[in-house]
Amino acid sequence: GTVNITVSAPVETKSPLAADQDKMIKTLSVWLVNGTTGKVEDISFSTPDAVSSVVTFHGVERGDHKLYIVANYSELDSSYPVGATIDDAFLNTTLGPVSDASCPSFTSESGIPSSIAMDISVAPGTNNISAELLRVVGRMSITFRNAVQDFDLYVGDIILARRNVSKGYLFQKEDHSKPAD
């Protein structure tokens, strides 16, 4: 069969501060993996520089497969060619350290890393698949408002997560495990 994958960037946030560059797919890496053996059957690397892209694989055998899709992070590209096995090192890839009070070291030129892993079943003919990426690194702002008119509020300390680690996984973890520091 033929597999057409429409990959789209993460949904726009409601923040008026979000830059258009945050929504861009600068580089796109897609691995089509055999669902039984875990071996890479086909790969696609591209530089769409757009909010969506279509990747097509031809001659895919029917059956269960897995797609690993990564945007704006190309360090895995040469390590997992056709025939390689997707292993724990691939699945547990972590992004570089983030220190307190600093933005991640990703620029508008490189884009914000996003990814998704999907199980698919391929049937004969054309298989159309839609994949919306999940943003791996996010930016956020917090606003405090005093909604109590008769009292002044004082904020002495704010801690978002005491156990926040300095690295994060490239692929979302279902078990909520934390990466080793």
Side-chain angles (χ1 to χ4, degrees), residues 1-15 18-95 104 106-139 167-177 179:
T2 298
V3 179
N4 293 320
I5 309 151
T6 302
V7 181
S8 59
V11 175
E12 171 61 23
T13 62
K14 303 264 186 221
S15 170
D20 285 342
Q21 294 299 321
D22 288 354
K23 301 178 281 186
M24 298 297 281
I25 299 173
K26 301 291 188 170
T27 62
L28 184 63
S29 308
V30 182
W31 290 265
L32 175 70
V33 177
N34 183 293
T36 305
T37 66
K39 292 201 180 289
V40 177
E41 294 182 337
D42 209 342
I43 51 178
S44 172
F45 304 122
S46 60
T47 54
D49 201 22
V51 295
S52 68
S53 183
V54 176
V55 174
T56 302
F57 294 119
H58 298 284
V60 179
E61 288 188 28
R62 76 173 92 183
D64 294 330
H65 298 271
K66 191 141 188 136
L67 288 173
Y68 294 97
I69 305 171
V70 177
N72 305 331
Y73 183 85
S74 55
E75 291 181 31
L76 291 172
D77 291 2
S78 62
S79 301
Y80 293 89
V82 171
T85 300
I86 297 297
D87 57 10
D88 284 342
F90 181 93
L91 299 173
N92 294 323
T93 299
T94 57
L95 299 172
F106 306 108
T107 65
S108 295
E109 290 78 31
S110 66
I112 295 178
S114 301
S115 67
I116 192 166
M118 301 175 62
D119 293 315
I120 63 169
S121 290
V122 176
T126 302
N127 299 262
N128 294 310
I129 297 166
S130 179
E132 183 178 305
L133 296 168
L134 301 172
R135 187 169 284 154
V136 178
V137 175
R139 297 177 180 149
K167 297 178 183 178
Y169 285 117
L170 179 60
F171 292 100
Q172 182 177 5
K173 294 297 193 181
E174 299 299 325
D175 62 0
H176 302 289
S177 59

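Numbering of residues begins at 1 and proceeds along the displayed sequence. Quantities reported herein were computed from a predicted structural model and do not represent experimental measurements. The figures that follow rest on heavy atoms only: side chains count, while hydrogens, waters and symmetry mates do not.
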With sequence neighbours excluded, what pairs up with D119 under the salt bridge (charged side-chain N to carboxylate O under 4.0 Å, His left out) test?
-> K66

Using a 4.5 Å cut-off on heavy atoms from C-beta on, say whether the side chain of D42 contacts that of V60.
-> no

Between P81 and V40, the two heavy atoms sitting closest are O-CB, 3.5 Å

For residues T56 and N4, is any side-chain donor paired with an opposing acceptor at under 3.5 Å?
-> yes

Could you note down all residue pairs passing ring pair (Phe, Tyr, Trp, His ring centres under 6.0 Å) where residues 49-72 supplies at least one of them, sequence neighbours left out?
-> Y68-F90, Y68-F171

Heavy-atom pair with the smallest gap, counting every atom of W31 and Y80 = NE1-O, 3.0 Å

Closest non-hydrogen atoms of M118 and S130, given as atom of the first, atom of the second and distance, are CE-O, 3.6 Å

Answer yes or no: is there a donor N or O on one side and an acceptor on the other, between the side chain of N127 and the main chain of T2, under 3.5 Å?
-> yes

CD of E41 to CG of L32: how many Å apart, nearest 0.5 Å?
-> 5.5 Å

Check P10 against R135 and note the closest heavy-atom contact, atom names and distance.
-> CG-N, 3.7 Å

In a check of side chain to side chain contact (heavy atoms under 4.5 Å, CB included) between V33 and each of I86, I120, L67, which one passes?
-> I86

Is there side-chain contact between S29 and L76, with at least one heavy-atom pair below 4.5 Å?
-> no

Run through S114, S46, S74 and flag the one making a side chain to side chain contact (heavy atoms under 4.5 Å, CB included) with L28.
-> S46

Determine, stepwise, if the pair Y73 / T27 fulfils side-chain contact (heavy atoms from CB on, under 4.5 Å).
-> CA-CA 7 Å; Y73 183 85; T27 62; 5.9 Å; no

Could you state the interatomic distance from CD1 (I129) to CD1 (I69), rounded to the nearest 0.5 Å?
-> 8.5 Å

Verdict with supporting geometry, V82 and I43, side-chain contact (heavy atoms from CB on, under 4.5 Å) | CA-CA 7 Å; V82 171; I43 51 178; 4.0 Å; yes

Give a yes or no answer on whether the side chain of N72 reaches the backbone of K26 with a donor-acceptor pair at less than 3.5 Å.
-> yes

Who are the side chain to side chain donor-acceptor pair (under 3.5 Å) partners of S44, not counting sequence neighbours?
-> none

Please walk me through it: do I25 and L133 pass side-chain contact (heavy atoms from CB on, under 4.5 Å)?
-> CA-CA 10 Å; I25 299 173; L133 296 168; 4.0 Å; yes

